[in-house]
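Everything numeric in this text was worked out from a predicted model, so none of it was measured.
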Amino acid sequence: MKNAISKTNLLAFSLLLLMLPSLVSCEKDKPEQPVPTLKEKLVGDWEIKSFTIDGVEVKGTFIIASKMEFETYTGSNGDFEWSINFADGTNDTQSGDYEVDEEDKEITLENEEGERLKFDIDLDGDDLELSGTLDGERYVLQAERD
């Protein structure tokens, strides 16, 4: 009787040893996906949802609609286009080059006339915020990916 219990325990232990590798096997390693850079995340069309100047919302009153488009970097910068539709029926479209400072999280827009605008950039998924001081006034633009 004691011998039968020992054989049963030995058999159970042997089966456990055979099954152990399948219980502790690892998932297949997936190749690591590179983390997209700020430059790469910015590419696309953005609809400005809020446009404030010194804390005063001008979207919906002075500015009816505004959109920005950032194209993929080619070389040391990328191309942008920024359109604004004003309440008086006029439109303004600026285009040129943009550069992103990944470390400082800043973007510099330079239009075709050589005028430069610099904004702090906060990008979280499909939400973009650009903020900066232009001509002594604080601008904050909040946009969503279009």
Any side-chain heavy atom of Lys39 within less than 4.5 Å of one from Glu102?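 Touching, per the 4.5 Å side-chain cut-off.
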Mind checking whether Thr93 and Ile84 have side chains closer than 4.5 Å, heavy atoms only?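 They are not in contact (no side-chain heavy atoms under 4.5 Å apart), so the answer is no.
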Distance-only, no hydrogens or angles: does the [X] side chain make a donor-acceptor pair with backbone N or O of [Y] under 3.5 Å?
X	Y	answer
Ser66	Ser83	yes
Thr37	Glu40	yes
Asp124	Asp127	no
Asn111	Glu115	yes

To the closest 0.5 Å, what do you measure between [atom1] ([X]) and [atom2] ([Y])?
X	Y	atom1	atom2	result
Asp104	Leu38	CG	CG	11.5 Å
Asp97	Glu71	CG	CD	10.5 Å
Ser131	Glu106	OG	CD	9.5 Å
Trp82	Leu117	CH2	CG	6.0 Å

Please report the closest heavy-atom contact between [X] and [Y], naming both atoms and the distance.
X	Y	result
Asp126	Trp46	O-CZ3, 3.5 Å
Ile121	Leu130	CG1-CD2, 3.8 Å
Tyr98	Val43	OH-CG2, 4.1 Å
Met68	Leu109	CE-CD1, 3.8 Å
Thr61	Ala87	O-CB, 3.0 Å
Glu57	Ser50	OE1-OG, 2.6 Å

State plainly whether one hydrophobic cluster holds both Phe62 and Leu141, where clusters connect Ile, Leu, Val, Met, Phe, Trp and Tyr through side-chain heavy atoms under 4.5 angstrom apart.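 Yes, it is one cluster - the side chains of Phe62 and Leu141 are joined through contacts under 4.5 Å.
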Are Ile48 and Ile64 co-members of a hydrophobic cluster defined by side-chain heavy atoms under 4.5 Å apart?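 No, Ile64 and Ile48 fall in different hydrophobic clusters.
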Is the cationic atom of Lys59 (NZ for Lys, CZ for Arg) positioned less than 6.0 Å from the six-membered ring centroid of Phe51 and within 45 degrees of its normal?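 Verdict for Phe51: no cation-pi partner in Lys59.
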Any Lys/Arg nitrogen of Glu47 or Lys49 sitting under 4.0 Å from an Asp/Glu carboxylate oxygen of the other?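 Yes, this pair counts.
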Is the shortest side-chain N to carboxylate O distance from Asp146 to Lys67 below 4.0 Å?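 So Asp146 pairs with Lys67 through a salt bridge.
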For [X], does the [atom1] atom have more than 12 heavy-atom neighbours from other residues, nucleotides or ligands under 6.0 Å away?
X	atom1	answer
Arg116	CZ	no
Glu103	CD	no
Phe86	CZ	yes

Kindly say whether the aromatic ring centers of Tyr139 and Phe119 come within a distance under 6.0 Å.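 Aromatic pair excluded; centres sit 6.0 Å or further apart.
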Just checking, is any N or O donor in the side chain of Glu99 or Ser76 under 3.5 Å from an acceptor N or O on the other one?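 Per modelled atom types, Glu99 and Ser76 side chains form no pair under 3.5 Å.
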